[in-house]
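Below is one structure, written out as structure tokens; the observations come after it.
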Amino acid sequence: MTTKITLEAWAAKYWDPAPSIHTLRLWTRNGRIFPWPEKAGRTYYVDPNARYLEKDDPMMGIAARGSKTA
């Protein structure tokens with residue numbers, strides 16, 4: 001099992017300056033971070049190697065199809 005880090009720590013690792021928490025939560029809700037962050041209470045935790053998906057990223061379609069499984 002991979003240790004997860006907070007969404008804010010993940011953003012600080014890849015962006016300077018990091019996007020606001022509001023933007024990061026929006027990206028999470030829209031499936032723009034893959035693998036998807038997990039929510040525990042009011043905090044999102046993400047795999048340290050997760051990546052941001054651009055709209056034209058081929059993974060965006062795969063991620064969207066996988067998010068609605070029963």
Side-chain angles (χ1 to χ4, degrees):
M1 182 173 175
T2 304
T3 302
K4 305 233 181 215
I5 60 175
T6 64
L7 198 54
E8 296 94 328
W10 173 80
K13 187 175 166 181
Y14 293 102
W15 283 278
D16 183 30
S20 72
I21 188 62
H22 175 75
T23 299
L24 294 170
R25 288 178 179 152
L26 183 65
W27 288 354
T28 299
R29 287 190 301 271
N30 290 332
R32 303 301 293 268
I33 300 172
F34 188 80
W36 300 283
E38 297 175 12
K39 191 170 184 182
R42 293 170 36 171
T43 305
Y44 282 101
Y45 294 92
V46 65
D47 184 300
N49 298 317
R51 65 186 191 124
Y52 172 76
L53 301 176
E54 297 286 343
K55 283 190 176 205
D56 59 348
D57 192 310
M59 281 296 294
M60 192 68 177
I62 295 167
R65 284 193 298 272
S67 66
K68 302 291 182 187
T69 58

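Owing to the predicted nature of the structure, the values given are computational and were not obtained by experimental measurement.
Considering every non-hydrogen atom in both Ile33 and Ala50, the closest pair reads CG2-CB, 4.0 Å. Heavy atoms only, all atoms of each residue included: Ala11 and Pro19 are closest at CB-CD, 4.1 Å. Across all non-hydrogen atoms, the minimal contact from Lys13 to Pro48 is NZ-O, 3.3 Å. Heavy-atom minimum distance, Lys4 versus Asp47: CD-N, 4.0 Å.
Here the two rings, on Trp10 and Trp27, have centers that are 6.0 Å apart or farther.
Looking at residues two or more places apart in sequence or on another chain, you find no ring pair (Phe, Tyr, Trp, His ring centres under 6.0 Å) involving Tyr45. The side chain to side chain donor-acceptor pair (under 3.5 Å) test applied to Thr23 returns Ser20, not counting sequence neighbours.
Here the straight-line distance linking atom OG1 of Thr43 with atom CZ of Arg25 works out to 7.5 Å at 0.5 Å rounding. One finds the CZ atom of Phe34 at 13.5 Å from the OG1 atom of Thr28 (value rounded to the nearest 0.5 Å). With rounding to the nearest 0.5 Å, the separation of CZ in Arg29 from CG in Leu24 is 10.5 Å.
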If you apply the rule side-chain contact (heavy atoms from CB on, under 4.5 Å), what do you find for Val46 with Ile5, and how did you get there?
CA-CA 5 Å; Val46 65; Ile5 60 175; 4.2 Å; yes
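Following chains of ILVMFWY side-chain contacts shorter than 4.5 Å, one cannot reach Trp15 starting from Leu26, and the two form parts of different hydrophobic clusters.
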